[in-house]
K.L.:
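My questions all concern the structure below.
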There are 2 protein chains.
Amino acid sequence: MAATTPRPRSARRRPRPVGVDTLERLKRLIGDGRYQPGSALPAERELAATLGVSRPSLREALRMLAALGAIETRHGSGTRVSATSAGVLRASFEFLLLLDRPTIDDLLDARGLIEGHLAARAAVLRDDHDLAALDDIVAVMHAHAIDSRAGKDANRRFHQAIAAAARSTVLERFMACLDDGIRACIESGAATADPATSHAAHDAIHAAIVAGDADAARAAVAEHMRLSGINAGSARTRPIGRPR
Amino acid sequence: MAATTPRPRSARRRPRPVGVDTLERLKRLIGDGRYQPGSALPAERELAATLGVSRPSLREALRMLAALGAIETRHGSGTRVSATSAGVLRASFEFLLLLDRPTIDDLLDARGLIEGHLAARAAVLRDDHDLAALDDIVAVMHAHAIDSRAGKDANRRFHQAIAAAARSTVLERFMACLDDGIRACIESGAATADPATSHAAHDAIHAAIVAGDADAARAAVAEHMRLSGINAGSARTRPIGRPR
DNA sequence: CCCGCTTTATAGTCAGACATAATAACAGAT
DNA sequence: ATCTGTTATTATGTCTGACTATAAAGCGGG
């Protein structure tokens with residue numbers, strides 16, 4: 001019985017809960033490609049047996065992965081690894097907004113910075129495929145009102161296409177988060193989008209990317225953010241969300 | 001009992017799992033200030049009874065909140081709401097790196113952009129308190145080698161202090177995520193920090209912020225990133241992490 | 001050939017019990 | 001009176017096992 005408690009106090013580490021430990025193991029399995037993006041995970045009972053944990057513990061791990069945006073679960077059907085990493089930061093960011101309540105201006109400022117950089121990179125790095133995609137989207141935007149269903153959708157895709165052409169997944173994800181937050185503000189009535197200047201601004205950005213002019217692209221985005229699209233009114237420097 | 005299944009097929013929405021539903025309810029309670037940051041949550045059994053759900057379901061919700069960085073749980077002690085939102089994006093971002101495997105250059109590029117902006121804002125917005133904090137940290141940095149324990153700690157606090165002075169929680173969080181990722185690269189040996197130029201670069205940034213010169217601050221950060229602190233070697237344009 | 005039923009595999013949910021860790025209260029020795 | 005070791009309490013950690021609800025495939029009848 002001499003070695004019943006062999007671990008010295010200094011190196012003492014708290015044993016991880018099984019659920020958390022299982023999360024790490026699954027993370028690793030997904031990261032190593034054992035479970036490919038878009039593919040189905042084994043059934044809960046089976047996976048629990050494979051990993052040697054109980055189903056409730058496995059479910060805790062799966063729920064954490066779902067909260068992180070890594071998997072999607074459908075009752076009766078099964079669980080699959082998310083096909084893309086596009087949703088990974090979103091839930092966390094939404095929560096961050098809830099806790100920190102930044103002002104709308106802060107969100108717009110951050111977005112302007114990042115999207116300007118993305119546009120500048122896109123102007124340099126874009127290939128024919130990117131340009132073709134942008135052309136298509138701009139055409140759709142011209143064909144629909146900016147505040148229509150199709151117009152909003154094209155608007156979103158326009159910004160996504162720029163981010164994709166810039167070849168920086170990290171900033172692309174950040175941008176998507178900010179976009180979510182700003183969109184939520186607009187839809188909750190805290191700010192309103194002004195359709196008037198949108199077409200012109202988008203065209204300017206588009207033209208700069210086509211021309212391969214990084215500085216012009218950055219400037220066009222800054223202009224777009226500055227005069228607008230967004231009228232935050234009196235709430236401009238107020239924390240977003242409902243008051244506590 | 002006529003309204004047992006009143007929902008029409010068109011408005012049919014999938015009922016949320018109890019665990020997910022409970023997550024939303026807790027989010028709301030935290031967001032509304034019912035449970036203050038840093039304060040303890042009721043015990044699991046009690047909270048489960050209050051919310052009218054079983055303990056496993058509540059635990060799923062709590063685990064999701066923990067994965068999002070919103071709460072911290074300690075065996076035998078209890079669960080408390082995180083005192084700050086500093087950890088909220090981290091776990092998600094770590095997972096994003098695992099899935100997307102950006103290059104180190106991508107991380108450095110993003111960090112340079114954001115920190116440059118933060119430094120520029122800090123140069124304009126800083127108050128006496130910020131300047132005093134920066135002075136202290138710079139003094140500590142000069143007193144210790146950059147690769148010592150205390151030096152690394154001061155280095156991290158220096159960047160955090162700049163972010164704090166810039167008054168943009170959103171970008172501050174983004175920066176912290178990037179910092180985590182870059183730090184992980186350095187510690188895993190994929191890149192090495194070069195102590196030689198660090199002091200000079202930090203002093204330049206510090207001086208620009210003290211002088212209130214936004215452009216100089218941005219330029220100093222760019223210089224810091226460029227020549228730099230980081231030697232990524234052959235892995236420079238390789239995806240981070242171990243190969244799949 | 002198509003529609004609706006049945007079957008089967010899956011996630012959703014709960015109840016209850018026991019194990020383990022952290023903390024506070026208490027009794028004893030110094 | 002103070003320090004220390006023990007004990008009691010309360011908290012989370014974990015599992016077993018059963019049952020329900022859903023989705024999708026298979027299958028039969030029209």
Side-chain angles (χ1 to χ4, degrees), chain A residues 1 3-26 35 38-82, chain B residues 1 4-26 35 38-67 69-82:
Chain A
M1 280 283 290
T4 311
T5 310
R7 42 189 173 185
R9 262 235 186 63
S10 58
R12 161 118 184 70
R13 59 180 149 173
R14 232 175 295 170
R16 267 186 307 201
V18 175
V20 178
D21 186 65
T22 304
L23 168 68
E24 294 300 326
R25 292 168 67 191
L26 287 174
Y35 296 120
S39 69
L41 246 48
E44 286 187 358
R45 285 176 174 82
E46 188 185 336
L47 190 53
T50 302
L51 297 175
V53 302
S54 71
R55 201 153 82 97
S57 294
L58 173 67
R59 281 180 61 84
E60 287 182 11
L62 291 179
R63 278 281 138 83
M64 285 190 271
L65 280 172
L68 293 174
I71 62 173
E72 282 151 29
T73 291
R74 270 173 52 196
H75 187 174
S77 174
T79 303
R80 26 186 73 248
V81 182
S82 297
Chain B
M1 283 286 284
T4 311
T5 309
R7 43 187 174 188
R9 261 241 187 61
S10 56
R12 162 117 184 69
R13 59 180 147 176
R14 231 175 295 168
R16 268 186 306 201
V18 176
V20 178
D21 186 63
T22 304
L23 168 68
E24 294 299 326
R25 291 167 69 188
L26 287 174
Y35 297 119
S39 68
L41 247 49
E44 287 187 357
R45 286 177 174 82
E46 188 185 336
L47 190 54
T50 303
L51 297 175
V53 303
S54 70
R55 199 153 84 99
S57 295
L58 173 67
R59 280 180 63 84
E60 287 182 12
L62 291 178
R63 277 282 139 80
M64 284 189 272
L65 280 172
I71 62 174
E72 281 151 30
T73 292
R74 270 173 53 197
H75 187 174
S77 175
T79 303
R80 26 185 73 247
V81 182
S82 298

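On a predicted model such as this, the values are computed, not experimentally measured, just so you know. Below, chain A is the first sequence line, B the second, and so on; all start at residue 1. Computed from heavy atoms alone, side chains included, the values below leave out hydrogens, waters and symmetry copies.
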K.L.:
Quick one: is C/dA22 close enough that its OP1 or OP2 comes under 4.0 Å of any side-chain N or O from B/S77?
P.N.:
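No, no such contact exists.
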K.L.:
To the nearest 0.5 Å, how far apart are CD in A/E72 and CG in A/L65?
P.N.:
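Taking CD in A/E72 and CG in A/L65, the distance rounds to 12.0 Å.
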K.L.:
Under 4.0 Å from OP1 or OP2 of C/dT23: is there any side-chain N or O of B/R74 that close?
P.N.:
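Yes, such a contact exists.
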K.L.:
Separation of A/L58 atom CG from C/dT10 atom C1', in whole Å?
P.N.:
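After rounding, the gap between these two atoms is 13 Å.
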K.L.:
D/dA23 C1' sits how many Å from A/R80 CZ, rounded?
P.N.:
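Going from CZ in A/R80 over to C1' in D/dA23 covers 13 Å.
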K.L.:
Side chain of A/H75, base of D/dT22: donor and acceptor closer than 3.5 Å?
P.N.:
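No, no donor-acceptor pair under 3.5 Å.
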K.L.:
Just how far, in rounded Å, is C1' of D/dT20 from CZ of A/R59?
P.N.:
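Distance, rounded to whole Å: 13 Å.
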K.L.:
With a cut-off of less than 4.0 Å, is there a side-chain N or O of A/S57 near OP1 or OP2 of D/dG13?
P.N.:
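Looking at the OP1 and OP2 atoms of D/dG13, neither is under 4.0 Å from any side-chain N or O of A/S57.
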K.L.:
In whole Å, what is the span from the CG atom of B/D21 to the P atom of C/dG12?
P.N.:
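It is 13 Å, rounded to the nearest whole Å.
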K.L.:
To the nearest 0.5 angstrom, please state how far the CE atom of B/M64 sits from the CZ atom of B/R59.
P.N.:
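Answer for the CE-CZ pair, B/M64 versus B/R59, is 12.5 Å.
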K.L.:
Check if the side chain of A/R55 and the base of C/dG12 share a donor-acceptor pair of N or O atoms closer than 3.5 Å.
P.N.:
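Donor-acceptor pair under 3.5 Å: yes.
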K.L.:
Go through it in stages, so that I can follow the logic: the residues are B/R55 and B/E44, the test is salt bridge (charged side-chain N to carboxylate O under 4.0 Å, His left out), and I'd like the CA-CA distance, side-chain angles, deciding distance and then a yes or no.
P.N.:
CA-CA 7 Å; B/R55 199 153 84 99; B/E44 287 187 357; 2.6 Å; yes
K.L.:
Round to a whole Å and report the spacing from CD of B/E60 to C1' of C/dT13.
P.N.:
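Those two atoms, CD and C1', are 9 Å apart.
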K.L.:
Would you mind reading off the distance between A/L51 atom CG and D/dC15 atom P, rounded to a whole angstrom?
P.N.:
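My rounded result for the distance is 12 Å.
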K.L.:
Which atom names give the shortest non-hydrogen contact between B/A61 and B/G19, and what distance separates them?
P.N.:
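Taking B/A61 first and B/G19 second, the nearest heavy atoms are CB-O, 3.5 Å.
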K.L.:
Measure from CG on A/L41 to C1' on C/dA11 and round the result to the nearest Å.
P.N.:
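Checked: the CG to C1' distance equals 13 Å.
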K.L.:
When rounded to the nearest 0.5 angstrom, what distance separates CG in A/L41 from OG1 in A/T73?
P.N.:
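Answer for the CG-OG1 pair, A/L41 versus A/T73, is 8.5 Å.
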K.L.:
Can you tell me how far P of C/dG12 sits from CZ of A/R45, to the nearest Å?
P.N.:
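Distance, rounded to whole Å: 11 Å.
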K.L.:
Give a yes/no answer on whether the side chain of A/R63 brings an N or O atom under 4.0 Å of OP1 or OP2 in C/dG12.
P.N.:
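True: A/R63 side-chain N/O within range (under 4.0 Å) of C/dG12 OP1/OP2.
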K.L.:
With respect to the side chain of A/E44, which nucleotide from C/dA11, C/dC14, D/dT12 is positioned closest?
P.N.:
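Out of C/dA11, C/dC14, D/dT12, the nucleotide with an atom closest to A/E44's side chain is C/dA11.
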